[in-house]
Amino acid sequence: MAHRIAYLVSALNIQPHRILAVTFTNKAARELRERCERILGAPAGGLAVRTFHSFCAQLLRIDGALAGLQPNYSIYDDDDQERMVRRVLEEFEIDPKRFAPRAVLAAISDAKNQMIEARQYAAGPGSYFEEIVARVYRRYQELLLAANAVDFDDLLLVTHRLFESSPEVLEKYQARFKHLLIDEFQDTNALQFGLARMLAAGHHNICVVGDPNQSIYSWRHADPRNMLDFKRVYPNARTVTLDQNYRSTQTIIEAAAALISHNKGRLPNDLWTENDKGAPVVIGEAYDEEEEARLVVQEVERLVQDDQVPRSAMAAMYRVNAQSRALEVACNRHGIPYQLVGGLKFYERREIRDVLAYLRVVSNPADDVSLERVINVPARGISDRTVTALKNTAARHGLSMFEAIARRLDPEVGVAEAVNKRAMTALETFSATIQELVARSFDLAPTDLIDFVLDRTGYKRFIEQDEETREERWENILELRASAAPYDGADTHERLWDFLSNVSLVSDVDTMDGNASDALTLITLHQAKGLEYDAVFMLGLEEGLLPHSRSMEDPMQLEEERRLCYVGMTRARKRLYMLRSFKRGFRGGGLPTLPSRFLDELPRSHISGGRAQTRHDARRAEPFRDPASLRRAAATPLPASTGPRDTYTAGERVRHSVFGEGVVVSCTASHGDFELTVAFAGNGVKRLMQSYAKLEKVPRAG
DNA sequence: TTCCCCACCCATTGG
DNA sequence: GGGTGGGGAA
């Protein structure tokens, strides 16, 4: 894409601002721009490189009025959406336990992505659940509109509708963008392709890049059929097969190809490379997550020392965020710098959301969800009761909560009758505070406004009250404040809007530190799409994790899990490690695991280590090759009556004079003695006879 | 009205 | 393990 853009600009004299390139993340957008500029040897002024969401957000900022949006509109994320749905359920007196807000929301999101609006949804025949969804959907949209807010789906949907209903808006953008390029096309959804088609309608200068084998976002409505449809929609399109791989070793490419060949519904796409054969893919097996993480850390350090691979060129990848924990612990223990991508997301932290909610209320007082979030944070005498009464009163008069508060003395609205006297005083103070913030928001730069908010709302004092958390929370707030600094320069009210919408649209990969720091990257397989590393460690290659248990029933979803595995493997330039552990933590305890079927799908000739041979000889690890016996062993402690007094149960910690500390995996009666399977920290799994082993029990720490 | 504690429920992936 | 909602005390 970078070369095509550079070619358009330098060879065909297309002005950069006539080109719109769409990427999957803001980070990819940044990188693409940089690459273009490097090739061109000049700044590509005006070149638009955006994600679909940020493109739409900006468009709606400018032209949203035709769709009923004020330019200061709020963007609602998952949490905000759920609060909104809960409010609707409350209004309709629907039990949120019976109709889970998340499920209702998922149904609404599905509908939106099929471009089914609330009214049409209601018209379709449906189950009882769908009837509920239809009612909620409709009211949800009403409330969003009243709050001058959109959700993520709406960013696309409203823009799409705007293009349909207001040809002059579409024409404006068609007239500006003469060339359209889209990256990661296999993960676009129907709405996005729809937008692209409309934008390219006049000139058909549209170029998309995608790999169907890397389609991993169908759960977010990505539709890999877009790849096939593209050729149908544009019969004259030229397909260029990019099957030479410049990134990975032959071994990695072939192993990944072997894996993905197990997918049925697949276009042939045979990668090849001129790169070296390279090292075999290393299959590693660990006793538990702790050991698995330690294997990674040790190998990372070995590669740093022996092969001079910088830590920043290595990444540990996993299926679910919870897996990062063991890695973090191991890194901390061994003093390895790491950077965690995603996880407990910065913008989901309470203090961050609270401060942002204040800013949103200031920027868009109609934003009821944000207002409700902060109306009594810190506690200022406005109880849930009062809030409910206020909400109902506001709803009756078609007012926002903020308006209702502002008009609390108006007998026609009747707030005074609905809430008690003390609450009226509290509302008055709150109202005055917000009014003051709104007034100052016009002349204060975003960082100064944040300071002002922290001071005037008492939020700073509120944070400082909690001795345990105040340091961390305050640091987070300072980080948020720092992220607002780049917006201080601009000199209109828009800088606050820009800051807030940017905050809503950043992803975790966007904030990743590139190669600057010497840190190991910890990242989910999904987020790793589009990235590459010299060495990649994939963890948790176990049935139920990769493939994930939620995706194992449905063949389509299983294929997506395989693609996810493929994405992970193909992130590696030189070295690839695929690890599993025999035991996986789950709800506190640990459960035995089965190796991922994906490991079986790798060609034996391309792997080293592997089944039970990585760190211990095969014979010793033998019991693990029969998962059923393992499960039995781990789950059934020996009946106490049959053995000597001092026997062992699975999970107990023991110390051995040579092997050190370990955990008992199983203990079974055998030839009048007891056969113990013990996993030793650092020394692997051993089978021991109790009468010879001289074990001592170690009291559980904590 | 606020705060604290405990019981209970839930659990992929993310712009 | 974590978040939350309900109940009760201050």
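Reminder, nothing fancy here: chain letters follow the sequence lines and each chain counts from 1.
- Whole-Å rounding puts the A/E82 CD to C/dG3 P distance at 14 Å.
- A perpendicular orientation is assigned to the rings of A/F185 and A/F230, their planes being inclined by more than 60° (bins at 30° and 60°).
- In this structure, A/E372 does not pair ionically with A/R83, as no charged nitrogen and carboxylate oxygen lie closer than 4.0 Å.
- Put simply, A/Y217 does not rest on the base of B/dT13: the two rings are not both less than 5.5 Å apart at their centres and under 30° in tilt.
- Among the nucleotides B/dG15, B/dG14, B/dT1, the one closest to any side-chain atom of A/T51 is B/dG15.
- Within 4.0 Å (heavy atoms only), A/N420 reaches sugar-phosphate atoms of the nucleic acid but no base atom.
- Here the side chain of A/R571 pairs a donor or acceptor atom with the backbone of A/V567 at under 3.5 angstrom.
- When Watson-Crick and G-U wobble pairs are counted only if both distances are under 3.5 Å, B/dT2 pairs with C/dA9.
- Put simply, A/N321 has a side-chain N or O that comes within less than 4.0 Å of OP1 or OP2 on B/dG14.
- If you check every strand for non-hydrogen atoms under 4.0 Å, A/D151 touches nothing.
- Between B/dT2, B/dT13, C/dG1, one nucleotide has an atom nearer to the side chain of A/R325 than all others, and that is C/dG1.
- Counting non-hydrogen atoms under 4.0 angstrom, A/D78 reaches a base of the nucleic acid.
- To the nearest angstrom, C1' of B/dG15 lies 11 Å from NZ of A/K529.
- For A/T386, a side-chain nitrogen or oxygen approaches OP1 or OP2 of B/dT1 to under 4.0 Å.
- With respect to A/E542 and A/R584, a salt bridge is recorded, a charged nitrogen being found less than 4.0 Å from a carboxylate O.
- Taking atom CG on A/L545 and atom P on B/dT13, their separation rounds to 10 Å, with Å as the unit.
- Nearest to the side chain of A/R550, among B/dT12, B/dT13, B/dT1, sits B/dT12.
- Between A/S551 and B/dT12 there is no side-chain N or O to OP1 or OP2 distance below 4.0 Å.
- Sequence order on DNA chain B of the closest nucleotides to A/H53 and A/S383 puts A/S383 first from the 5' end.
- If you measure from atom CG of A/L155 to atom C1' of B/dG15, you get 9 Å, rounded to the nearest angstrom.
- Among the atoms of the strands shown, none is found under 4.0 Å from any heavy atom of A/S549.
- Atoms CG (A/L191) and C1' (B/dG15) sit 14 Å apart, rounded to a whole Å.
- For the pair A/M538 CE and B/dT13 P, the interatomic distance rounds to 16 Å; values are reported in whole Å.
- Stacking here means ring centres nearer than 5.5 Å and ring planes tilted less than 30 degrees, and by that measure A/H548 stacks onto B/dT12.
- The interatomic distance linking A/D95 (CG) with C/dG5 (C1') rounds to 13 Å, in whole Å.
- Remark: A/Q527 is not in phosphate contact with B/dT13, judged by side-chain N or O atoms under 4.0 Å from OP1 or OP2.
- Atom CD of A/E560 is separated from atom C1' of B/dG14 by 13 Å (rounded to the nearest Å).
- In terms of position along DNA chain B, the nucleotide closest to A/R380 lies nearer the 5' end than the nucleotide closest to the other residue of the pair A/Q557 and A/R380.
- Between A/Y173 and A/F177, the angle of the ring planes stays under 30°, which puts this pair in the parallel group of the 30/60° scheme.
- A salt bridge between A/E31 and A/K27 is present, with a side-chain N of the basic residue lying under 4.0 Å from a carboxylate O of the acidic one.
- The base of B/dT12 lies close enough to the side chain of A/R319 for a donor and an acceptor atom to sit less than 3.5 Å apart.
- Residue ring and nucleobase are not stacked for A/F24 and B/dG15 under a centre distance beneath 5.5 angstrom and an angle between planes beneath 30°.
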